[in-house]
**Student:** 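Pasting a structure below so you can have a look.
Only heavy atoms go into these numbers, but all of them, side chains included; no hydrogens, no water, no symmetry mates. Quick caveat: nothing in here was measured; it's all calculated off a predicted structure.
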Amino acid sequence: MDLNSILNALVPSWNSVVTVLSFCIYLAIAGSILPGKAVPGVTLSDGSRLHYHCNGLLSLLLLVVLLGIGVRMDFVSPTVISDRGLELLSTTFIFSFLVTLVLYVAGKKSHDPSSSLKPHFTGNLIHDWWFGIQLNPQFMGIDLKFFFVRAGMMGWLLINLSVLARCIQEANLSQSMILYQLFCMLYILDYFYYEAYMTSTWDIIAEKLGFMLVFGDLVWIPFAFSIQGWWLLSNQVELTTAAVIANCIVFLIGYKVFRGANKQKHVFKKNPKAPIWGRPPKVIGGKLLASGYWGIARHSNYLGDLLIALSFSLPCGIR
C-alpha cells in the first residue's frame, strides 16, 4: 500500500462515524440497564465515594451475540472493522480529540466543589487539556473514565474478531493467528471478569480525565494492541511445536504474576488486614504493601503484563 492509498484510507466516512457512535451508544445503554455488581470505589478527599456498575463481561458477551446474529442475518459484515481499519482509527482519534475539548470546556465552566467534579487548573491550556481538569466527569450519570477504558478493551476484541473473520474468509488461518487470538481473548475476558479490580487502579482513583487517558483508552488500546493480528493477516509464520509450547508457557507465567499481583493489591486496598499467601501482610508506612508479589518486587504486575505482551508478539516469529 503506497502513501496515497494510506492517506485515502485514513479519511473518515459517515459509515465509520456511525460505527463508532453506535458502539458508544450500545455501551452506554448496556452499561446502564444490564445487571451487574455495584462496586464501591475509594473514598475521595471530600469523603465521597463513587459506585461502579460492573457489568462489562455481560455487556461484551451480549454485544458479541448480537453481532453474531447480525452476521448470520447478513445485516452486518464480520469484516466491517478489518475492511475499514485505518478509517476507524482516524475517526476514533478525531472523536477522542473532540470529546476532550468538550471535557475541557465543561470542566472549566464547572463550579461543583466535590472531589470528582471540582476543576483543577494549572493555567497552561495544553497541560490542562492533555491531563484533564476533573477527576471523575460524568455524562447522564455515566462515569466517563470507567466507560472509556471499557470501550477500549471491548474495541480491541472486536478488532481482533474482525481480523480473524477476514483471515478465515481468505483461507489464511494459521497457527500463529490462533495463538495470538487465543491469548488476547483470554486476557480481555479476564479483564472483564475482574473488572471490579479496575476501581482500585491509579488511573481510576487519581488521574484526571483528559486527552492522555481518552486517547489511551479509545485509540491506543484497541488499535495498537491489535497490531500483531493485522501483521499476521498478511504474513505467514510457521511455528515449531517447541515454539508453541514456549509461547504458552510465557503467557501462563505472565498471567499468573499479573493477575496474582493485581489481586493482592486490590484485596489489600479493600481490607489492609487480609492475609497474603496465608500470612498477615507486611506494611511499610501504613500504606505500602510489602508482602506476596509486592514483597518480591515493587511492581511485579508490570513484569507479568510485559510477559503477556511478549506472548502476543511471539506468534509473529523471531527474525
**Student:** Under the rule for ring-ring contact (aromatic ring centres under 6.0 Å, His included), what residues qualify as partners of Tyr302, not counting sequence neighbours?
**Tutor:**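 Residues passing ring-ring contact (aromatic ring centres under 6.0 Å, His included) with Tyr302: His299.
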**Student:** Is there a donor-acceptor contact under 3.5 Å from the side chain of Thr199 to the main chain of Ala196?
**Tutor:**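 Yes, because the side chain of Thr199 sits within donor-acceptor range (under 3.5 Å) of the backbone of Ala196.
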**Student:** Applying side-chain hydrogen bond (donor to acceptor under 3.5 Å, both in side chains), can you list everything that pairs with Asp203, at least two apart in sequence or on another chain?
**Tutor:**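 side-chain hydrogen bond (donor to acceptor under 3.5 Å, both in side chains) check on Asp203 returns nothing, list empty.
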**Student:** Counting distance only, does the side-chain N/O of Ser311 pair as donor-acceptor with the main-chain N or O of Ile308 below 3.5 Å?
**Tutor:**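 At least one qualifying donor-acceptor pair exists.
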**Student:** Would you please name every residue forming a side-chain hydrogen bond (donor to acceptor under 3.5 Å, both in side chains) with Trp156, sequence neighbours left out?
**Tutor:**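 Not a single residue meets the side-chain hydrogen bond (donor to acceptor under 3.5 Å, both in side chains) criterion with Trp156.
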**Student:** Distance check, rounded to the nearest 0.5 Å: Leu179 atom CG versus Cys248 atom SG?
**Tutor:**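 Going from CG on Leu179 over to SG on Cys248, the span is 5.5 Å.
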**Student:** I would like to know whether Ser77 and Thr79 meet side-chain hydrogen bond (donor to acceptor under 3.5 Å, both in side chains); could you show each step before the answer?
**Tutor:** CA-CA 5 Å; Ser77 168; Thr79 61; 3.0 Å; yes
**Student:** Rounded at 0.5 Å granularity, tell me how far SG in Cys184 sits from CG in Leu164.
**Tutor:**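 Rounded to the nearest 0.5 Å, the SG-CG separation comes out at 11.0 Å.
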**Student:** Examine distances only and state if a side-chain atom of Lys145 and a backbone atom of Ile204 form a donor-acceptor pair shorter than 3.5 Å.
**Tutor:**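 Here the side-chain-to-backbone pair exists.
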**Student:** Ignoring hydrogens and angles, tell me if any N or O in the side chain of Asn172 forms a donor-acceptor pair with the backbone of Leu233 under 3.5 Å.
**Tutor:**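 Between the backbone of Leu233 and the side chain of Asn172 there is a qualifying donor-acceptor contact (under 3.5 Å).
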**Student:** Between Ser16 and Arg84, is any pair of side-chain heavy atoms under 4.5 Å apart?
**Tutor:**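 They are not in contact (no side-chain heavy atoms under 4.5 Å apart), so the answer is no.
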**Student:** When you measure from the side chain of Glu195 to the backbone of Gly56, do you find a donor-acceptor pair of N or O atoms at a distance under 3.5 Å?
**Tutor:**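 The answer is yes, because a donor-acceptor pair under 3.5 Å joins these two groups.
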**Student:** Taking the inter-plane angle between the rings of Trp130 and Phe211 on a 0 to 90° scale, is it parallel (under 30°), tilted (30 to 60°) or perpendicular (over 60°)?
**Tutor:**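 Taking Phe211 first and then Trp130, their aromatic rings sit tilted (interplane angle of 30° to 60°).
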**Student:** Would you please indicate if the ring centroids of Phe147 and Phe139 are separated by under 6.0 Å?
**Tutor:**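 Between Phe147 and Phe139, the centre distance exceeds or equals 6.0 Å.
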**Student:** State whether the side chain of Thr240 and the backbone N or O of Ala243 hold a donor-acceptor pair below 3.5 Å, judged by distance alone.
**Tutor:**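 At least one qualifying donor-acceptor pair exists.
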**Student:** List the steps and the verdict of ring pair (Phe, Tyr, Trp, His ring centres under 6.0 Å) for Trp129 and Phe97.
**Tutor:** CA-CA 10 Å; Trp129 167 74; Phe97 180 81; 5.6 Å; yes
**Student:** Checking side-chain hydrogen bond (donor to acceptor under 3.5 Å, both in side chains) for the pair Glu87/Ser13: CA distance, chi angles, key distance, verdict?
**Tutor:** CA-CA 7 Å; Glu87 189 179 307; Ser13 70; 2.3 Å; yes
**Student:** Hey, could you give me the CD1/CD1 distance between Ile159 and Ile81, rounded to the nearest 0.5 Å?
**Tutor:**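 Output value for this atom pair is 6.0 Å.
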**Student:** Where is the tightest heavy-atom contact between Ser200 and Lys269, given as atom of each residue plus distance?
**Tutor:**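 The pair with the smallest heavy-atom distance is O-NZ, 2.7 Å.
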**Student:** Can you tell me if Gln181 uses its side chain to pair, donor with acceptor, with the backbone of Asn160 under 3.5 Å?
**Tutor:**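 It does hold such a pair.
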**Student:** Is the side chain of Ser300 donor-acceptor paired with the backbone N or O of Trp294 at a distance under 3.5 Å, no angle test?
**Tutor:**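 Flag not set: sc Ser300 to bb Trp294 has no pair under 3.5 Å.
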**Student:** Hey, are Arg259 and Asp190 close enough for a salt bridge, meaning a charged N less than 4.0 Å from a carboxylate O?
**Tutor:**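 Looking at Asp190 together with Arg259, the answer is yes, because their closest N to O distance falls below 4.0 Å.
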**Student:** Only counting residues at least two apart or in another chain, list the ones meeting ring-ring contact (aromatic ring centres under 6.0 Å, His included) with Phe121.
**Tutor:**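 None.
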**Student:** Is the CH2 atom of Trp230 crowded by more than 12 outside heavy atoms at less than 6.0 Å?
**Tutor:**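 Correct, the count exceeds 12.
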**Student:** Rounded to the nearest 0.5 Å, what separation is found between the CG atom of Leu117 and the CD1 atom of Ile133?
**Tutor:**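 Leu117 atom CG to Ile133 atom CD1 measures 11.0 Å (nearest 0.5 Å).
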**Student:** Please tell me if the side chains of Val244 and Gln175 come closer than 4.5 Å, counting only heavy atoms from C-beta onward.
**Tutor:**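 With C-beta onward as the side chain, the pair touches.
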**Student:** Can you list the steps and then say if Phe93 with Phe223 is a ring pair (Phe, Tyr, Trp, His ring centres under 6.0 Å)?
**Tutor:** CA-CA 10 Å; Phe93 177 84; Phe223 291 97; over 10 Å; no
**Student:** Quick check on the hydrophobic clustering: are Trp14 and Leu86 connected, directly or via other members, by side-chain heavy-atom contacts under 4.5 Å?
**Tutor:**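 Yes, Trp14 and Leu86 fall within the same hydrophobic cluster.
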**Student:** The criterion is ring-ring contact (aromatic ring centres under 6.0 Å, His included); which residues satisfy it with His127, sequence neighbours excluded?
**Tutor:**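 Once residues adjacent in sequence are excluded, the partners of His127 under the ring-ring contact (aromatic ring centres under 6.0 Å, His included) criterion are Phe131.
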**Student:** Has the side chain of Ser162 got a donor or acceptor atom that lies under 3.5 Å from a matching backbone atom of Ser82?
**Tutor:**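 The answer is yes, because a donor-acceptor pair under 3.5 Å joins these two groups.
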**Student:** What's in the same ILVMFWY side-chain cluster as Val39, cut-off under 4.5 Å, chained through other members?
**Tutor:**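 Hydrophobic cluster check, Val39: no partners found.
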**Student:** With Arg150, which of Asp217, Asn55, Asp143 fulfils side chain to side chain donor-acceptor pair (under 3.5 Å)?
**Tutor:**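 Running side chain to side chain donor-acceptor pair (under 3.5 Å) over Asp217, Asn55, Asp143 with Arg150 returns exactly one hit, Asn55.
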**Student:** In the structure I gave you, are the side-chain heavy atoms of Leu89 and Val219 within less than 4.5 Å of one another anywhere?
**Tutor:**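 Sidechains of Val219 and Leu89: in contact.
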**Student:** In terms of relative ring orientation, are Phe312 and Tyr180 parallel, tilted or perpendicular, with 30° and 60° separating the classes?
**Tutor:**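 Rings of Phe312 and Tyr180: perpendicular, over 60°.
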**Student:** I'd like to check Ile227 versus Trp231 (side-chain heavy atoms, cut-off strictly below 4.5 Å). Are they in contact?
**Tutor:**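 Ile227 vs Trp231: side chains apart.
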**Student:** Hey, what do you get for CZ (Phe23) to CG (Leu88), rounding to the nearest 0.5 Å?
**Tutor:**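 Interatomic distance, Phe23 CZ to Leu88 CG, rounded to 0.5 Å: 11.0 Å.
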**Student:** For a 4.5 angstrom cut-off between non-hydrogen side-chain atoms, does His120 reach Leu135?
**Tutor:**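 Result no, sub-4.5 Å side-chain heavy-atom pair not found.
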**Student:** I'd like to know whether Asp112 forms a side-chain hydrogen bond (donor to acceptor under 3.5 Å, both in side chains) with Ser114, so could you lay out the CA-CA distance, the side-chain angles of the two residues, the decisive distance to 0.1 Å, and finally the verdict.
**Tutor:** CA-CA 6 Å; Asp112 195 310; Ser114 67; 2.7 Å; yes
**Student:** Please answer whether the main-chain N or O of Val237 pairs with a side-chain N or O of Ser176 as donor and acceptor at a distance below 3.5 Å.
**Tutor:**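 Indeed, once roles are kept as given, a pair shorter than 3.5 Å links the two residues.
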**Student:** Do Tyr194 and Leu186 sit in the same hydrophobic cluster, where Ile, Leu, Val, Met, Phe, Trp and Tyr count as joined when their side-chain heavy atoms come under 4.5 Å apart?
**Tutor:**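 Cluster IDs for Tyr194 and Leu186 match.
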**Student:** Sequence neighbours excluded, which residues qualify as salt bridge (charged side-chain N to carboxylate O under 4.0 Å, His left out) partners of Glu207?
**Tutor:**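 Counting only residues at least two positions away or on another chain, Glu207 forms no salt bridge (charged side-chain N to carboxylate O under 4.0 Å, His left out).
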**Student:** Among all residues two or more places apart in sequence or in another chain, which pass the side-chain hydrogen bond (donor to acceptor under 3.5 Å, both in side chains) test with Tyr293?
**Tutor:**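 Result, side-chain hydrogen bond (donor to acceptor under 3.5 Å, both in side chains) vs Tyr293: none returned.
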**Student:** Rounded to the nearest 0.5 Å, what's the gap from CE on Met154 to CG on Leu158? Could you check?
**Tutor:**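 The CG atom of Leu158 is 8.5 Å from CE of Met154, to the nearest 0.5 Å.
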**Student:** With sequence neighbours excluded, tell me which residues meet salt bridge (charged side-chain N to carboxylate O under 4.0 Å, His left out) with Asp46.
**Tutor:**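 Asp46 satisfies salt bridge (charged side-chain N to carboxylate O under 4.0 Å, His left out) with no other residue.
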**Student:** Same hydrophobic cluster for Phe148 and Val102, using side-chain heavy-atom links shorter than 4.5 Å among ILVMFWY?
**Tutor:**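 Not linked; separate clusters.
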**Student:** Could you check if a side-chain atom of Phe258 sits within less than 4.5 angstrom of a side-chain atom of Leu306, using non-hydrogen atoms only?
**Tutor:**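 Side chain of Phe258 against side chain of Leu306, heavy atoms only: no contact under 4.5 Å found.
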**Student:** Quick test of your reading: applying ring pair (Phe, Tyr, Trp, His ring centres under 6.0 Å), list the pairs with at least one residue in residues 52-90, sequence neighbours left out, ordered by first then second residue.
**Tutor:**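 Listed once each, the pairs are Tyr52-Phe146.
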**Student:** Return the set of residues passing side-chain hydrogen bond (donor to acceptor under 3.5 Å, both in side chains) with Ser45 (not counting sequence neighbours), or none when no residue passes.
**Tutor:**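 With sequence neighbours excluded, Ser45 shows a side-chain hydrogen bond (donor to acceptor under 3.5 Å, both in side chains) to Ser115, given in chain and number order.
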**Student:** Looking at side-chain heavy atoms only, is the closest gap between Ser116 and Leu44 below 4.5 Å?
**Tutor:**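 They are in side-chain contact.
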**Student:** So if you build clusters from Ile, Leu, Val, Met, Phe, Trp, Tyr with side-chain heavy-atom gaps below 4.5 Å, do Val64 and Val76 land together?
**Tutor:**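 Shared cluster, yes.
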**Student:** Can you list the residues that meet the ring-ring contact (aromatic ring centres under 6.0 Å, His included) rule with Phe251, with sequence neighbours excluded?
**Tutor:**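 In terms of ring-ring contact (aromatic ring centres under 6.0 Å, His included), with neighbours along the sequence ignored, Phe251 is linked to Phe183.
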**Student:** If two hydrophobic side chains count as joined below 4.5 Å and joins carry through other members, does Leu57 share a cluster with Met153?
**Tutor:**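 Yes, because Leu57 and Met153 connect within a single hydrophobic cluster, where side-chain heavy atoms sit under 4.5 Å apart.
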